[in-house]
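Structure first, commentary second.
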Number of protein chains: 2
Amino acid sequence: MDKSLRISLAHGSGGIEMHEIIEKLIVSKVPMNLRNTLNGVGLDALDDGASIPLPNGKHIVISIDAYTVNPPFFPGGNIGILAACGSINDVLMMGGRPLAMLDSIVVEEGFPIEDLDIIINSFIDVLKNEKVALIGGDFKVMPKGHVDKIVITTTAIGIADKVIVDYPQPGDKIIVSDYVGDHGAVVMLLQMGLEEKVEEFSKGLLKSDVKTLTKLIVPLIERYGVYIHGARDPTRGGLAGVLNEWSSSTGTIIIVDEESIPIRSSVKRYSEMLGIDPLYLASEGVAVLSVDNSVAEEVVKFIRSLGFENTRIIGEVRQSEKYKGIVLGRTSVGGYRIIDPPRGELVPRIC
Amino acid sequence: MDKSLRISLAHGSGGIEMHEIIEKLIVSKVPMNLRNTLNGVGLDALDDGASIPLPNGKHIVISIDAYTVNPPFFPGGNIGILAACGSINDVLMMGGRPLAMLDSIVVEEGFPIEDLDIIINSFIDVLKNEKVALIGGDFKVMPKGHVDKIVITTTAIGIADKVIVDYPQPGDKIIVSDYVGDHGAVVMLLQMGLEEKVEEFSKGLLKSDVKTLTKLIVPLIERYGVYIHGARDPTRGGLAGVLNEWSSSTGTIIIVDEESIPIRSSVKRYSEMLGIDPLYLASEGVAVLSVDNSVAEEVVKFIRSLGFENTRIIGEVRQSEKYKGIVLGRTSVGGYRIIDPPRGELVPRIC
């Protein structure tokens, strides 16, 4: 291997470079028989989590995620809330009902204990609201300068009657449950030091969307489980990332109507100002679903009735002989553009 | 809370300060009914892992650990080997047979891809040897200077017929399976820049003991399961840490014969030179067991027959009305000294 090759920020962006390096350095090295346990969902899925079948026909669903968000406190939340919600959502997106969590906290020497206390209180408050048990953890301190403030890794465990294995089908409608990109926009603006210039921050109008999706996913699965062909939360890589992974893994085309994608005007405005496409911005409390056409309208109404009133259909999955694995956006002027998979590094330490 | 209070290295040392801050900031905040799942082993155990009972009478055993060792390469291993072995051993020590693992890698921008490749290959080689599946993971890059080189967090999952809940009983013999402190001594000497001065490094005589303990624990449990009242690997905090946790949680006295504790002469020599007690140095491939007196000698012979020829009895657990929760060392001159629980920070980033 070329000794001069170095890890770049793009390798951690959730886009093409990340998938390439994970495939090359990790997945390709693991023998096929060690990529899953008892034929559950495993490494090949490159999904948010994994599953292990149980003797009673149910499935353990498990996820791991490292949270490195910078700054650790942001409008709408902090790294503790993010670490709890993110892994709970990963389990939900696989069809699991979250039961338990383990946390691993790595903190920098000199970090204010008061701040750590606030972060951990927030983390535990999410678990309490969700009735998720904290069953174990690890706690390490790195010397000053060896880690920037704090990194939290969480593993969430749940039980699923049936695991949702993402495989969108031609004809499916693509549904999003809420405005996309709020979390990414907030963290990006903070990292650029624009907090004071952004009026929406002071008014509380622009904040991270970080939240759990239990109240959406659990009833949705109970009622429409067999019609849900894909469920993801569009974190790193944003909506563009999820849709490209789906079209690429199934060899379909996904066409979205850009006008119908819910994006806050403030997020649009700051994205334009910074030359960034909001479809690539992370959300931390939004579900993207691929739903059987026969029930799609009904599902939208149902999710709205659960309190997610911004839910809507934004596009559909199509089969084509000519084009495979691409995402198209129908623009406001009536034409189409290709929505590429994420590439390069938009913002480091977004989640 | 006092705003001036800051996290210190001692808070991550595995000793008194760490237990205090975890109790105060985390455990005390979690309601009793959310400290375990289905009455499995949970947060209160402050053990290496947790368990969740299954409908068929078996138990899921799960552990999480962040590995921050500095430097990431050391004689005898690297952070990838450590991250695989450490979490596999945590599952074993709870009586579980490791089945699956998830990893979360946080790496610094600019880290050589060749080094990462070596680390991941080592990690996967351990999993292959152990037939443990890698079922999922996360990969994040932090900007240069935001994290020192690499941090790996692993979650290992196993199945146990019966969970070993550490509760040493009066009369038990304390058994160690190998020389203690090698890993801690090696990392400490490297961090002090003494690598070139330490002849044993060049001769390969002094190296980390990092290894999995599957070949010891699985047959031991099969044959002597009910007689094993405690099983731990003495990582952070060393042998002194494990014994103090045991005596303190059970209100017993543990008396060890210091002469009989297997410590390499080189580890002894460098410990003396640096004014450090080797009983506090981490091991990464050693089992400490509390075994029913009736089978203790037999167990030692059995473990030796499995290839761990340095296994021996080093002490015993006693009940006393007068003293509770202390560890005593019988010294070479015939007297006793109190072996205190770990306090302060011996070496940061040891594991």
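A, B, ... follow the sequence lines: proteins, then strands. Residue 1 opens every chain. Owing to the predicted nature of the structure, the values given are computational and were not obtained by experimental measurement.
- When A:Lys24, A:Lys3, A:Lys29 are each tested for a salt bridge (charged side-chain N to carboxylate O under 4.0 Å, His left out) with B:Asp117, only one passes: A:Lys29.
- Rounding to the nearest 0.5 Å gives a distance of 5.5 Å between CG of B:Leu54 and CG of A:Leu54.
- Across every non-hydrogen atom of A:Pro55 and B:Asn56, the tightest pair is CG-ND2, 3.3 Å.
- When the candidates A:Val147, A:Leu9, A:Asn33 are compared by the number of heavy-atom contacts under 4.5 Å with chain B, A:Leu9 comes out ahead.
- Summarising the geometry, atom CD1 belonging to B:Ile119 is positioned 10.5 Å from atom CG belonging to A:Leu25; distances are rounded to the nearest 0.5 Å.
- Side-chain contact between A:Ile113 and B:Ile21 is present, with heavy atoms from C-beta onward closer than 4.5 Å.
- Residue contact with chain B, scored on non-hydrogen atoms closer than 4.5 Å, involves the side chain of A:Ile22 exclusively.
- Residues B:Ile26 and A:Ile105 have side chains in contact (heavy-atom distance under 4.5 Å, counting atoms from C-beta outward).
- Between A:Gly12 and B:Val141, the closest heavy-atom pair is N-CG2, 3.4 Å.
- The greatest number of non-hydrogen atom pairs below 4.5 Å with chain B, out of A:Lys131, A:Lys144, A:Lys128, is found for A:Lys128.
- Side chain of B:Asp138 to backbone of A:Ala66: a donor-acceptor contact under 3.5 angstrom is found.
- Residue contact with chain B, scored on non-hydrogen atoms closer than 4.5 Å, involves the side chain of A:Ile120 exclusively.
- B:Ile64 contributes atom CD1, which lies 9.5 Å from atom CE of A:Met101 (distance to the nearest 0.5 angstrom).
- Of the two parts of A:Val151, only the side chain, counted from C-beta on, holds a non-hydrogen atom closer than 4.5 Å to a non-hydrogen atom of chain B.
- Annotation: side chain of A:Thr155 is in contact with side chain of B:Ile62 (closest heavy-atom distance under 4.5 Å).
- Under the 4.5 Å side-chain criterion, counting only non-hydrogen atoms from C-beta, B:Arg6 is not in contact with A:Phe111.
- The distance from the NE2 atom of A:His11 to the CG atom of B:Leu116 is 9.5 Å, given to the nearest 0.5 Å.
- The shortest heavy-atom contact between A:Glu109 and B:Ser8 is CG-CA, 4.4 Å.
- Contact count against chain B (heavy-atom pairs under 4.5 Å) is highest for A:His146 among A:Lys58, A:Met142, A:His146.
- Per-residue counts of heavy-atom pairs under 4.5 Å with chain B were compared for A:Val106, A:Leu38, A:Ile124; the largest is that of A:Ile124.
- Both the backbone and the side chain of A:Leu102 come within less than 4.5 Å of a heavy atom in chain B.
- Between chain B and the options A:Asn70, A:Leu127, A:Asp103, the largest number of non-hydrogen pairs under 4.5 Å is found for A:Asp103.
- No other option in A:Pro348, A:Gly136, A:Gly110 has as many heavy-atom pairs under 4.5 Å with chain B as A:Gly110.
- Here the shortest heavy-atom pairing between B:Cys351 and A:Lys140 reads SG-CE, 3.9 Å.
- Considering every non-hydrogen atom in both B:Ile7 and A:Val107, the closest pair reads CG2-CG1, 3.9 Å.
- Interatomic distance, CG of B:Leu134 versus CG of A:Asn36, reported as 11.0 Å (0.5 Å rounding).
- When each of B:Leu34, B:Val30, B:Thr37 is paired with A:Ile135, the side chain to side chain contact (heavy atoms under 4.5 Å, CB included) condition holds for B:Thr37 and for no other.
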